[in-house]
Amino acid sequence: MEIALDRDEARRIAVRAQRLDADRPTELVPLVEHLTFLQLDPTAAIAPSADLIAYTRIGAAYRPEQLQAAVERDRTLYELKAQDDPVQPPFAMLRPVSDLALNLDRMASGPAHGGWRAWLEANPRFRRDVLDRLRDTGPLLSKDIPDTAEVPWTSTGWTHDKNVTHMLELLQGRGEVAVAGRIGRQRTWDLAERVYPAEIEVVPEAEAAALRDERRLRALGIARPQLVGDAGVPARVEGSDRVWRVDPEAVGQPFSGRTALLSPFDRLIHDRVRSQELFRFEYLLEMYKPAAKRRWGYFALPILHGDRLVGKLDATADRKAGVLRVDAVHEDEPLDATARDDVQQAIEGLAEWLGVEVERARR
């Protein structure tokens, strides 16, 4: 049986599911367990994406050191590059260790990518060398591991001939090695058995896939079926011709909104189709465009106000100068005075969290 939703309710389901309503979470690890992951991205025009996403939910009480401690000291989060997940693009992310049981069976059978599998099978001695070196002297930076590849990795991209890094990431994807921590932006690697908890009861992939879909839908609230499979129940949304999947427990819940400045990688806006159909929101990350062709800015932050995405903030954090330089607030439609005050308070709150002052661009 399909659930009928008006667009307001569909938006509120999505906002609540991403923990962006007024009921803020207070602890990092339970937040990540709910969201299922935090994307890692080195771009820090404002702050690293994982930190910005955590701050946007938890608020000023969140500090980046908490993320590092969860990965390196407490081992409650682990880093993984999504290689074979048809839903996720191949970016690095932090996942809760509590979900390892749902991933290890799939990981052990990888990599699914034919070229990656063939290269791994062509380098058995290299694989053993890497594992032996980590066993003897890990954790190590990739540069401290000798390249003994029998067959070099060839690529048209930046990974060309990056044999050690590619081997480590493939072995990480198989659950054999793991990121033990970071020195600056560089990962340190070790055997997975020394990073992950022992005696994990692995869930068979046939069962785990459905559970991952359910968790993904819980984090999104409402989604296209290709992102969540058969999780939840079908729904029709006012003004949309497609059938959606919705978390039935999220329907009809009370909603109280707030104003938030989102990372360009925030999961509320990651699905451009959903953003258009539910929020009537157009967005494109423009950091790879020439400056003259940008509409909203290098790393514009989507602006959430209540249950609506109302604009983009073009700003850059200059920590040396001690300022959050605001070049523009692009309003998708003219905001009223209250909404503008709320956006300004969000900007000031972000600057305070960053430890800088707001500086408006001179016109």
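The structure presented is a predicted model; accordingly, all values stated were derived computationally and were not measured. We number each residue from 1, following the sequence as shown.
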Heavy-atom donor-acceptor pair, Q18 side chain to A219 backbone, under 3.5 Å: yes

Ionic contact status for R245 with D230, cut-off 4.0 Å: no

Donor-acceptor pair, side chain of R16 and main chain of A250, under 3.5 angstrom: yes

Side chains of F281 and D332 in contact at under 4.5 Å (non-hydrogen atoms): yes

E357 atom CD, neighbour heavy-atom count above 12 within 6.0 Å: no

Short N-O contact, R340 and E331, less than 4.0 angstrom: yes

Polar side-chain atom of E286 near backbone of G297 as donor-acceptor pair, under 3.5 Å: yes

Side-chain donor/acceptor of R274 to backbone N/O of F279, under 3.5 Å: no

Nearest heavy atoms of L285 and Y298, plus distance in Å: CD1-O, 4.0 Å

Within 6.0 angstrom of D336 CG, more than 12 heavy atoms from elsewhere: yes

Main-chain N/O of A315 paired to R325 side chain as donor or acceptor, under 3.5 Å: no

Pairing of R308 and D8 as salt bridge, 4.0 angstrom limit: yes

Side-chain ion pair, E282 and R295, N-O less than 4.0 Å: yes

Single-linkage hydrophobic cluster, 4.5 Å side-chain cutoff, L262 and V329 together: yes

pair F126-V151: side-chain heavy atoms closer than 4.5 Å: no

Set of residues satisfying side chain to side chain donor-acceptor pair (under 3.5 Å) with respect to E79, sequence neighbours excluded: R182

Residues R73, E65: salt bridge by 4.0 Å N-O rule: no

Positive for side chain to side chain donor-acceptor pair (under 3.5 Å) with T259, one of Q344, H305, Q345: H305

Aromatic ring pairing Y78/Y196, orientation class (parallel under 30°, perpendicular over 60°, tilted between): perpendicular

Charged N-O contact under 4.0 Å between E150 and R127: no

